[in-house]
Amino acid sequence: MFILSINTASNKSNIVLWKDEEIYELFYSTNSRTYGETLTSNLQELLKKSKWNLKDVDIFSVITGPGSFTGLRIGVVTIKTLAQIYKKPTVGISYLEALASQIAFKGLKVPILSARKGEIHAGFYVDEDPIHPEDVYSYDTFLSLLNRFSKDNPTIITGDIPEDLKLLLPKNIISTPEFLNSIRGETLVYITLKKYQNGYIKDYLTLLPDYRQKSSAEINWEKRHERTGSKN
């Protein structure tokens with residue numbers, strides 16, 4: 001089995017090539033202005049080092065969200081294009097699911113990702129099973145859910161915790177060290193294989209980014225049209 005997996009959901013991105021227990025990974029930092037510039041060149045560099053060929057890939061997988069609008073769009077479009085060219089299946093992976101799955105912890109695992117001010121993306125997992133839907137939550141709603149689900153479970157939060165949210169967290173909640181707040185290549189491969197084996201695959205047409213919230217451009221457009229409509 002040969003897998004190519006891409007994560008461009010945050011400014012810590014990675015590209016993974018995996019074939020029969022052998023793995024090549026390129027982990028790099030980027031930002032919204034350089035996602036498009038770096039992904040293709042880094043993929044070409046990784047293929048050159050591994051001496052593997054894209055035509056041999058059996059599954060293409062990608063983090064579909066939540067995360068950077070620009071990063072998700074570029075990552076998903078890249079995988080869709082490759083899957084179409086080489087006529088291979090795809091697997092979409094949740095960023096939050098990936099964060100949770102790479103922690104060996106008996107209890108409640110809460111992966112989070114910053115959203116807009118006063119909001120976060122969050123999920124609630126016990127072992128590898130979600131116990132509540134991933135979504136965008138206000139701090140108040142998130143803390144209410146956290147208190148409810150952590151009542152009878154030791155709890156760990158993983159991901160980049162906003163500084164203002166840290167001040168609101170219950171004292172008994174622990175958080176992961178910095179090196180576990182970024183997705184590892186082995187995690188992408190593990191989830192890809194599990195989803196593929198369980199039949200959770202898509203073709204290039206049905207693979208879509210999962211933004212979870214509106215972009216700033218959409219919000220600004222709606223505000224402008226609301227003002228225009230109120231004048232009429």
Side-chain angles (χ1 to χ4, degrees), residues 7-14 25 27-35 63-73 75 93-188 190-191 209-220:
N7 164 36
T8 52
S10 68
N11 62 0
K12 294 179 180 179
S13 303
N14 43 340
E25 178 177 7
F27 188 82
Y28 61 100
S29 295
T30 186
N31 59 47
S32 61
R33 294 184 298 276
T34 58
Y35 279 113
I63 294 290
T64 54
S68 158
F69 282 88
T70 303
L72 294 177
R73 184 172 64 251
I93 300 171
S94 159
Y95 184 88
L96 300 177
E97 175 189 14
L99 279 178
S101 70
Q102 64 188 18
I103 304 172
F105 183 78
K106 291 296 183 181
L108 178 67
K109 297 186 287 187
V110 184
I112 68 171
L113 178 68
S114 294
R116 293 192 180 87
K117 186 173 179 59
E119 294 182 328
I120 57 167
H121 302 277
F124 299 87
Y125 286 80
V126 173
D127 294 325
E128 295 185 7
D129 299 319
I131 62 170
H132 196 76
E134 294 181 359
D135 208 341
V136 182
Y137 298 105
S138 67
Y139 284 5
D140 286 344
T141 300
F142 169 74
L143 291 169
S144 175
L145 291 169
L146 181 64
N147 285 323
R148 186 206 309 175
F149 297 136
S150 64
K151 185 177 181 181
D152 300 313
N153 289 296
T155 301
I156 190 168
I157 293 182
T158 183
D160 295 321
I161 307 173
E163 292 299 321
D164 55 345
L165 179 60
K166 287 180 181 179
L167 301 174
L168 304 174
L169 293 175
K171 300 299 182 184
N172 63 320
I173 303 297
I174 59 176
S175 58
T176 53
E178 175 63 27
F179 74 90
L180 284 177
N181 292 335
S182 301
I183 297 172
R184 301 194 301 270
E186 292 89 345
T187 301
L188 294 173
Y190 168 74
I191 296 178
D210 182 8
Y211 297 123
R212 303 279 172 93
Q213 61 181 165
K214 295 177 181 178
S215 68
S216 298
E218 289 176 300
I219 291 174
N220 291 334

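Once rounded to the nearest 0.5 Å, the distance linking NZ of Lys151 with CG of Asn172 reads 13.0 Å. Atom CG of residue Asn7 and atom CG of residue Asn14 lie 4.5 Å apart, to the nearest 0.5 angstrom. To the nearest 0.5 Å, the span separating OG1 on Thr141 from CG on Asp135 amounts to 9.5 Å. From Ile173, atom CD1 reaches atom CG of Asn147 across 7.5 Å, with rounding to the nearest 0.5 Å. Taking CD1 of Ile63 as the reference point, atom OG of Ser68 lies at 13.0 Å (rounded to 0.5 Å). In this structure, OG in Ser101 is found 12.0 Å from CG in Asp127, a value given to the nearest 0.5 Å.
Between Leu188 and Ile93, the shortest heavy-atom distance links the atoms O-CD1, 3.8 Å. Minimum heavy-atom separation, Ala9 to Tyr35: C-OH, 4.3 Å. Minimum heavy-atom separation, Gly67 to Leu72: N-CD1, 3.5 Å. Summarising the geometry of Ser10 relative to Thr30, their closest heavy-atom pair is O-CG2, 4.5 Å, with the distance given to 0.1 Å. The shortest non-hydrogen separation linking Pro162 to Ile120 is CG-CG2, 4.0 Å. Annotation for Glu134 and Glu97: closest pair OE2-N, 3.4 Å, computed over non-hydrogen atoms.
Within the 4.5 Å cutoff, no side-chain heavy atoms of Phe27 are placed close to those of Arg184.
Evaluated for a ring-ring contact (aromatic ring centres under 6.0 Å, His included) with His132, the options Phe142, Tyr125, Phe149 yield exactly one hit, Phe149.
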Decide side chain to side chain contact (heavy atoms under 4.5 Å, CB included) for Arg212 and Leu96; before the verdict, give the C-alpha distance in whole Å, the side-chain angles of both, and the deciding distance to 0.1 Å.
CA-CA 12 Å; Arg212 303 279 172 93; Leu96 300 177; 4.2 Å; yes
Side chain to side chain contact (heavy atoms under 4.5 Å, CB included), that's the test. Do Leu169 and Leu143 meet it? Break it down for me.
CA-CA 7 Å; Leu169 293 175; Leu143 291 169; 4.1 Å; yes
List the steps, then state whether side chain to side chain contact (heavy atoms under 4.5 Å, CB included) holds for Asn153 with Phe124.
CA-CA 12 Å; Asn153 289 296; Phe124 299 87; over 6 Å; no
Run the side chain to side chain contact (heavy atoms under 4.5 Å, CB included) test on Ile157 and Leu146 for me, step by step, so that the C-alpha distance in whole Å, both residues' side-chain angles and the decisive distance to 0.1 Å come before the verdict.
CA-CA 10 Å; Ile157 293 182; Leu146 181 64; 4.2 Å; yes
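Donor-acceptor pairing under 3.5 Å is recorded for the side chains of Thr176 and Asn181.
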